[in-house]
Participant: 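Please find one structure pasted underneath; my questions will follow.
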Protein chains: 4
Amino acid sequence: MIEEAARLFSSKRFDEVLMDDIAQQAGVGKGTIYTYFADKEELYFAVVFEGISQLNEKLQQKVNGQRDPEKKLRRMVHHIVSFFNQNRFFFRLMSIEDGKSEGGKGENRKRWLEERRSQLEAIEGVLNDGVDEGVFAVGNARLEAAILRDMVRSAMIHSDGDISGDEMTDTIMRIFLRGVRKES
Amino acid sequence: MIEEAARLFSSKRFDEVLMDDIAQQAGVGKGTIYTYFADKEELYFAVVFEGISQLNEKLQQKVNGQRDPEKKLRRMVHHIVSFFNQNRFFFRLMSIEDGKSEGGKGENRKRWLEERRSQLEAIEGVLNDGVDEGVFAVGNARLEAAILRDMVRSAMIHSDGDISGDEMTDTIMRIFLRGVRKES
Amino acid sequence: MIEEAARLFSSKRFDEVLMDDIAQQAGVGKGTIYTYFADKEELYFAVVFEGISQLNEKLQQKVNGQRDPEKKLRRMVHHIVSFFNQNRFFFRLMSIEDGKSEGGKGENRKRWLEERRSQLEAIEGVLNDGVDEGVFAVGNARLEAAILRDMVRSAMIHSDGDISGDEMTDTIMRIFLRGVRKES
Amino acid sequence: MIEEAARLFSSKRFDEVLMDDIAQQAGVGKGTIYTYFADKEELYFAVVFEGISQLNEKLQQKVNGQRDPEKKLRRMVHHIVSFFNQNRFFFRLMSIEDGKSEGGKGENRKRWLEERRSQLEAIEGVLNDGVDEGVFAVGNARLEAAILRDMVRSAMIHSDGDISGDEMTDTIMRIFLRGVRKES
DNA sequence: GATGAATGAGCCTTCATTCAT
DNA sequence: GATGAATGAAGGCTCATTCAT
């Protein structure tokens with residue numbers, strides 16, 4: 001149900017997605033949705049958080065069990081690319097939420113910001129590790145973490161499926177690593 | 001009228017923006033909007049295209065009157081940053097449209113893709129110039145142009161006004177330039 | 001202006017006729033209509049009354065200057081047919097008004113009933129003359145006058161222009177005259 | 001629901017009848033109407049066709065089980081009078097539709113013309129039977145059928161409830177029968 | 001007096017939500 | 001718990017009417 005909702009929400013505007021459509025696609029009665037979600041908005045955010053949580057969890061795992069900051073970074077980027085490749089709709093949903101400024105029911109907005117922070121902190125941590133080890137030189141770690149992550153978004157949007165996940169990862173890493181590597 | 005609509009559309013969901021609100025904010029009667037736009041959707045896209053056209057036009061100007069590819073690139077990035085800083089709503093609207101996949105009345109979708117292509121080609125051109133001059137080394141110029149442009153988006157989102165336009169430009173250029181500079 | 005309005009009101013529903021259309025057809029500015037008529041409804045009734053008054057006036061003339069009741073009747077029917085043939089729209093408008101029951105602003109409704117009464121009285125008078133002269137035998141003169149007049153409507157609707165005014169008159173008179181002629 | 005809509009549509013102009021009123025009169029929610037009819041227009045025509053179909057069906061029955069053309073005709077007229085007496089609104093709706101010329105979505109217009117034709121053919125058939133049996137003499141059977149049917153309309157309009165259905169039938173038959181009877 | 005751009009009251013229609021089955 | 005027919009609040013849109021030019 002969440003999956004079908006995700007598919008729809010990521011390809012159409014919120015108001016263009018009808019509860020009827022979701023129910024039909026998910027193969028359940030319309031009323032059934034309301035057994036699990038208070039309203040359309042709640043379903044929407046369930047979809048959004050389902051996606052980002054899952055990604056964040058996996059991302060955390062990649063950090064562990066690897067020493068070299070560059071390799072860690074590459075594994076993380078590779079994972080983000082893979083995840084988005086398999087869940088193109090989630091990636092679009094996240095883009096949308098990321099673009100928002102203040103709006104939304106504070107509750108959800110807050111949760112979203114937390115998830116995003118947690119995601120960026122994972123990347124930021126690796127960058128800082130690299131700095132500590134004397135291999136990276138970053139100005140604003142948080143900002144650069146965000147830039148790295150969004151490079152994936154950018155690559156996804158502009159690849160239209162023409163470019164393999166590996167090629168994307170390579171391109172992103174080439175640009176980014178040289179950008180943050182400490183000049184010797 | 002378009003300006004007020006842009007402000008509203010960029011801070012709320014399409015369905016949360018009421019024609020009544022737009023009319024009120026713009027200080028015109030509701031009916032007046034319909035004298036100029038067939039419906040809410042048309043107004044929305046007028047807003048979107050107004051923004052991107054304006055940006056693209058200015059961007060084209062920056063390319064001329066400058067030799068050094070690095071300096072050209074910096075001027076372009078600086079301009080995008082300034083433009084988005086002055087029109088925060090447009091930048092959000094563009095993010096939204098960029099995220100979309102197929103949907104929408106083909107008409108508008110097509111126009112959007114064209115505007116985007118034109119924008120990226122401007123950047124791409126500079127990258128290719130750099131390659132010709134032997135100062136840049138790029139793999140997929142279009143993709144890397146897109147990445148550069150989206151770095152601005154990323155920086156905007158994650159700066160929340162804390163970071164000045166110049167600092168943003170510097171950070172972006174530092175990362176990107178080193179990423180594309182030909183290794184000597 | 002009234003004429004164009006008549007043409008439109010008789011071929012479309014009241015709500016389908018736009019003030020814009022009337023203005024355009026009549027070749028005047030929309031505001032100009034309001035110089036002469038308080039609102040759409042007033043224009044509509046001006047149209048309706050213009051038609052029936054004109055018809056009634058002419059009908060009255062036909063009665064005079066003829067002795068024989070049958071000939072009078074024939075001349076009247078012939079005139080109604082001619083008038084409707086030249087003003088097909090008026091005939092439709094009258095049908096509409098005739099069909100109504102109570103509704104409408106009492107003012108107009110009252111005026112309409114008066115005009116209709118006056119019209120039927122003209123016919124009724126001839127019928128009564130015939131009765132006085134011993135050539136007609138009628139039950140309810142008013143009702144039979146109405147039936148005669150509506151025969152024209154009926155013939156108009158079902159002729160679609162295939163039948164000439166004279167043939168219509170002949171058919172109507174054949175049926176009606178034999179129906180009211182005193183049996184010898 | 002159709003019945004209440006019929007009552008309203010026959011006493012007011014299309015644009016004066018509000019969907020709210022229909023819903024309220026019918027004792028259903030406004031949205032419910034749209035479960036069964038696509039829009040106001042569709043409901044309107046459903047109402048119109050419901051009436052004429054019902055009448056036509058019954059009319060067909062009257063033709064059977066009777067030999068004498070005059071008696072058949074009288075039974076048909078009597079039935080039309082009764083039907084209209086019981087469904088005054090339908091009779092007004094039919095008048096309106098009959099008066100129209102070209103307009104309307106071809107679909108509905110076509111259907112209307114068919115129903116009307118079928119109705120007139122029933123009457124026409126009896127007239128032709130009479131001609132075959134040598135008791136009637138008609139010029140244009142279709143036209144005279146139409147005239148007969150519309151005599152009922154005429155009588156309805158001008159009776160205002162003062163005249164009984166039987167009296168109406170008698171008057172109509174007296175005029176019409178003598179009009180078509182073959183002169184001996 | 002004529003005009004037509006601007007207006008906003010009003011209405012049709014949609015669709016999230018409910019609740020009886 | 002599941003369902004989907006019924007609901008009505010809400011909002012997009014129309015168009016008669018106004019009034020500054």
Side-chain angles (χ1 to χ4, degrees), chain A residues 1 5 8 12-24 26-44, chain B residues 1 5 8 12-24 26-44, chain C residues 1 5 8 12-24 26-44, chain D residues 1 5 8 12-24 26-44:
Chain A
M1 200 152 104
L8 288 167
K12 295 194 213 177
R13 260 194 266 122
F14 184 85
D15 60 296
E16 288 176 329
V17 176
L18 308 190
M19 293 303 265
D20 277 302
D21 294 346
I22 298 175
Q24 182 152 62
V28 299
K30 198 173 8 158
T32 308
I33 299 177
Y34 288 87
T35 313
Y36 300 99
F37 305 96
D39 56 22
K40 193 181 177 181
E41 195 119 357
E42 189 165 310
L43 169 58
Y44 175 77
Chain B
M1 200 152 105
L8 288 166
K12 295 198 217 176
R13 258 195 265 123
F14 184 85
D15 59 297
E16 288 174 330
V17 177
L18 307 191
M19 292 305 266
D20 278 307
D21 295 346
I22 298 175
Q24 184 151 61
V28 299
K30 199 171 8 152
T32 308
I33 300 177
Y34 288 89
T35 312
Y36 300 98
F37 305 96
D39 56 22
K40 193 180 176 180
E41 194 121 357
E42 190 164 310
L43 170 58
Y44 175 77
Chain C
M1 200 152 102
L8 288 166
K12 295 194 211 179
R13 259 194 265 123
F14 183 84
D15 59 296
E16 288 176 329
V17 176
L18 307 190
M19 292 304 266
D20 277 302
D21 295 346
I22 298 175
Q24 182 153 61
V28 299
K30 199 173 9 154
T32 308
I33 300 177
Y34 287 87
T35 313
Y36 300 99
F37 305 96
D39 58 22
K40 192 178 177 182
E41 196 118 357
E42 188 164 309
L43 169 58
Y44 174 77
Chain D
M1 199 153 104
L8 288 166
K12 295 197 216 176
R13 260 195 264 124
F14 184 85
D15 59 297
E16 289 175 329
V17 176
L18 307 191
M19 292 304 266
D20 276 306
D21 295 346
I22 298 175
Q24 183 151 61
V28 299
K30 201 172 3 153
T32 308
I33 299 176
Y34 288 88
T35 312
Y36 300 99
F37 305 97
D39 55 21
K40 194 178 176 181
E41 194 121 357
E42 189 164 309
L43 170 58
Y44 175 77

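Just so we're on the same page: letters track the sequence lines, and every chain starts at 1.
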Participant: In whole Å, I'd like the distance from the CD atom of D:E16 to the P atom of E:dC12.
Facilitator: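 In whole Å, E:dC12 P and D:E16 CD are 12 Å from each other.
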
Participant: Suppose we call a contact any N or O donor and acceptor under 3.5 Å apart; does that hold for the side chain of B:K30 and the base of E:dG10?
Facilitator: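 For B:K30, whose side chain was compared with the base of E:dG10, there is a donor-acceptor pair (under 3.5 Å).
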
Participant: Could you tell me whether the side chain of B:K12 and the main chain of B:L18 form a donor-acceptor pair under 3.5 Å?
Facilitator: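 Such a contact is absent between B:K12 side chain and B:L18 backbone.
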
Participant: Using heavy-atom distances to pick each residue's nearest nucleotide on DNA chain E, tell me which of C:T32 and A:L18 is more 5'.
Facilitator: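 Counting from the 5' end, the first nearest nucleotide belongs to C:T32.
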
Participant: Between C:M1 and C:I33, which heavy-atom pair has the shortest distance, and what is it?
Facilitator: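 So the minimum-distance heavy-atom pair works out to CE-CA, 3.8 Å.
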
Participant: Between B:D15 and D:I33, who's closer to the 5' end of DNA chain F by nearest nucleotide?
Facilitator: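 Its nearest nucleotide being more 5', the pick is D:I33.
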
Participant: Go ahead and name the base partner of F:dA20; Watson-Crick or wobble counts if both distances stay under 3.5 Å, otherwise write none.
Facilitator: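 Paired with E:dT3.
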
Participant: NA contact type, C:F14, heavy-atom cut-off 4.0 Å: base, sugar-phosphate, or nothing?
Facilitator: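 If one applies the 4.0 Å heavy-atom cut-off, C:F14 turns out to touch nothing in the nucleic acid.
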
Participant: Would you name the heavy atoms of D:A5 and D:I22 that are closest together and state the gap between them?
Facilitator: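 D:A5 and D:I22 have their closest heavy atoms at CB-CG2, 4.0 Å.
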
Participant: In whole angstroms, how far is the C1' atom of F:dT7 from the CE atom of A:M19?
Facilitator: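 Taking CE of A:M19 and C1' of F:dT7, I get 16 Å after rounding.
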
Participant: Select one nucleotide: of E:dT13, F:dT3, E:dT18, the one nearest the side-chain heavy atoms of A:Y34.
Facilitator: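 For A:Y34, the side-chain atoms sit closest to E:dT18.
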
Participant: Which heavy atom of D:K40 sits nearest a heavy atom of D:D15, and at what distance?
Facilitator: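 Looking at all heavy atoms of both residues, the shortest contact is NZ-CA, 4.0 Å.
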
Participant: Just the rounded figure in Å: distance from C1' of F:dT17 to CG of C:L43.
Facilitator: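 Spelled out: CG on C:L43 to C1' on F:dT17 is 14 Å.
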
Participant: Would you indicate what A:Y36 reaches in the nucleic acid, counting non-hydrogen atoms under 4.0 angstrom: base, sugar-phosphate, or nothing?
Facilitator: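 Sugar-phosphate contact only - A:Y36 comes under 4.0 Å of backbone atoms but never of a base.
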
Participant: Take C:V17 and B:D20, find for each the nucleotide of DNA chain F with the closest heavy atom, and name the residue whose nucleotide sits nearer the 5' end.
Facilitator: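 Whichever sits nearer the 5' end wins; that is B:D20.
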
Participant: Go through F:dG11, F:dT7, E:dA16 for me and flag the one nearest to the A:K40 side chain.
Facilitator: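 The answer is E:dA16.
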
Participant: What is the distance, to the nearest angstrom, from the CD atom on C:E42 to the C1' atom on F:dT17?
Facilitator: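 So the CD-C1' distance, C:E42 to F:dT17, works out to 14 Å.
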
Participant: Between D:E41 (CD) and E:dT13 (C1'), how many Å, whole number?
Facilitator: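 These atoms are roughly 14 Å apart.
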
Participant: Taking CD1 from A:I22 and P from E:dA16, how many angstroms apart are they, rounded to a whole number?
Facilitator: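 It is 8 Å, rounded to the nearest whole Å.
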
Participant: How close or far is atom P of E:dC12 from atom CZ of D:F37, stated in whole angstroms?
Facilitator: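 Taking atom P of E:dC12 as the reference, CZ of D:F37 is at 15 Å.
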
Participant: In whole Å, I'd like the distance from the CD atom of A:Q24 to the P atom of E:dA16.
Facilitator: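 The answer, rounded to whole Å, is 14 Å.
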
Participant: Any idea which heavy atoms bring B:Y36 and B:E42 closest together, and the distance?
Facilitator: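 The answer is O-OE2, 4.3 Å.
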
Participant: Is any side-chain N or O of C:T35 closer than 4.0 Å to OP1 or OP2 of E:dG1?
Facilitator: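 No, no such contact exists.
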
